[in-house]
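Following: one structure in C-alpha cells, then a few remarks.
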Amino acid sequence: MFHTLINVILPVFIVIGAGYGAIWTRYFSGDLADTLMRFTQNFAIPCLLFRAISSIDLSVGFDLRLLASFYAGATLCFAAGLFGARLIFGRPWEDSVVIGFCCLFSNGVLLGLPITERAYGPDNLIGNFAIIAFHSPFCYTLGITVMEFFRNRGATGRTFARAVTNAVFRNPLIVAILLGFVVNISGLVVPEVVDDALAMIARAAIPCALFALGGVLVQYRPEGDARVIAWICTLSLLVHPALVWSIGTTLDVPTDLFRSGVLMASMAPGVNGYVFANMYGRAKRVAASSLLIATAVSVLTVWFWLGVLG
C-alpha cells in the first residue's frame, strides 16, 4: 500500500520539481510561472471543470448524508483555519481567509480520485464524483464571500452584496461550473468539434498548474511560516477526515460513499488554494508552501486513513 501511494503522489512532485528547476536555473524567466498560472486559472481549469460537470450524472451518488458530512467538516476546518490564523498567529484578516481556504479545499481531483481508485477500484468512485461536482462552487463561494466581507468592512449591505456578486460571477471557475450545470440539467449537447477542443485544453490544466506552481515556489519560500503551515497541514490531513468520519458515522453514510468522503477529506490542499491566494494577492507564500509540504506529509497520513478504513 505504501508503494502504491508513492507511485500516485510522486508524479505530482516530479512536475512541480520540473517547474521549480526550470525557473531556479533560469531556463525560463520568472514571469513564465505567473503567466502560466493565469492561463490555468482563467482558461484551462475552467475548461476542465465545464466538461466534467456538464457530463457527470448528478443523480448518481447524490447522497445528502455524504455531502453534509464532507462539507460540514470542510466548513469547520475553514473556520478553524481562518480564526486560528488571526487569533493564534496574528495574521491580517485577508491573509487569514486565504489560510482558511487552504484548509477548506482538498485536492480531490489530482489525488483523491487516483488514490480511491487504486484502493477500492474504479467502480467505487461515485462518492468522489458527487463531492467534486459541488467542490469548487461551494468552496469558492464561501471563500469569496468571506474575503469580500473583510475587504469591504464598513460598507453598506448593498455595496457588500454587489462586491460579492461581482467577485463570484467574474471568476472564470465559477462561470464555467455554472455553465456546466446549465448544459447538464438542460440536456444541451455540446458540438463534438467544440468538445474535442475543450478536451485538448482541459488535458493541459493540471500539469500546467503544477508546473507553474513549481516556478512560483522559487519566489515564495516557507521562511517564518512554519507554524502556520503546520496548522494548515493538521486541519487538512487529520481534522477534516476525522470530522467526516464522525459526522458520517452519525448519519450512517453507506460504506462505499463513507470511504470516498473520508479519503477525499484526507487529501492535501489543492492547487486551488494557491489560485485563490493569487486571485487576491494575499498569503501566496503560505498557500504555495503548504500545498507542497502537505502533499509530502500526506503520503503517511493517507496511508494511515486507508489502514483505518480497511
Side-chain angles (χ1 to χ4, degrees), residues 1-45 48 98-99 101-103 105-118 200-226 228-234 236-237 263-264 266-279 283-304 306:
M1 183 68 73
F2 184 76
H3 294 293
T4 299
L5 293 178
I6 290 292
N7 291 335
V8 171
I9 295 176
L10 185 58
V12 176
F13 282 101
I14 292 175
V15 178
I16 293 175
Y20 188 100
I23 303 300
W24 183 68
T25 60
R26 299 185 181 180
Y27 184 76
F28 292 125
S29 67
D31 293 338
L32 174 69
D34 293 327
T35 301
L36 193 56
M37 184 61 74
R38 285 196 298 271
F39 162 72
T40 57
Q41 74 182 56
N42 294 325
F43 202 75
I45 294 176
L48 173 68
V98 171
I99 291 166
F101 190 88
C102 291
C103 301
F105 208 115
S106 53
N107 198 344
V109 175
L110 196 62
L111 297 178
L113 285 176
I115 289 176
T116 305
E117 181 177 2
R118 286 176 178 269
M200 292 174 64
I201 298 171
R203 283 194 292 270
I206 291 176
C208 285
L210 291 174
F211 188 92
L213 179 65
V216 166
L217 285 172
V218 178
Q219 306 173 46
Y220 303 103
R221 304 187 183 189
E223 299 156 345
D225 295 322
V228 178
I229 293 170
W231 182 248
I232 293 172
C233 291
T234 300
S236 299
L237 305 180
L263 277 183
M264 290 286 279
S266 70
M267 296 300 124
V271 175
N272 286 284
Y274 180 77
V275 170
F276 185 80
N278 198 49
M279 281 171 53
K284 292 195 289 185
R285 183 175 67 184
V286 171
S289 299
S290 63
L291 190 160
L292 181 64
I293 294 172
T295 301
V297 175
S298 69
V299 173
L300 298 177
T301 56
V302 173
W303 187 31
F304 164 77
L306 282 169

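Given the structure is predicted, the values throughout are model-derived calculations rather than measurements.
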Between [Y] and [X], is there a side-chain heavy-atom distance shorter than 4.5 Å?
X	Y	answer
Met264	Leu113	no
Pro269	Ile232	yes
Ile293	Cys233	yes
Met37	Thr40	yes
Leu111	Val302	no

message: As a quick check of understanding, evaluate side chain to side chain contact (heavy atoms under 4.5 Å, CB included) for Thr295 and Ile16, giving each step before the final call.
response: CA-CA 11 Å; Thr295 301; Ile16 293 175; 6.0 Å; no

Spatial distance of atom [atom1] ([X]) from atom [atom2] ([Y]) [nearest 0.5 Å]:
X	Y	atom1	atom2	result
Asn272	Leu291	CG	CG	9.5 Å
Phe43	Leu48	CZ	CG	13.0 Å
Met267	Thr301	CE	OG1	8.0 Å
Phe304	Leu306	CZ	CG	11.0 Å

So which heavy atom on [X] is nearest to which on [Y], and how close?
X	Y	answer
Ala288	Leu213	CB-CD1, 4.0 Å
Leu237	Ser266	CD2-O, 3.5 Å
Ser290	Ala287	OG-O, 3.1 Å
Ser289	Ile229	CB-CD1, 3.6 Å
Ala209	Val271	CB-CG1, 3.9 Å
Leu36	Cys208	CD2-O, 3.6 Å

field: Any donor-acceptor N/O pair, Asn42 side chain to Arg38 backbone, under 3.5 Å
entry: yes

message: Can you confirm whether more than 12 heavy atoms, excluding those of Phe39, are under 6.0 Å from its CZ atom?
response: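 It does: Phe39 CZ has more than 12 such atoms within range.
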
task: On the 0 to 90° scale, with breaks at 30° and 60°, tag the Phe211-Phe28 ring pair as parallel, tilted or perpendicular.
output: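 Perpendicular.
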
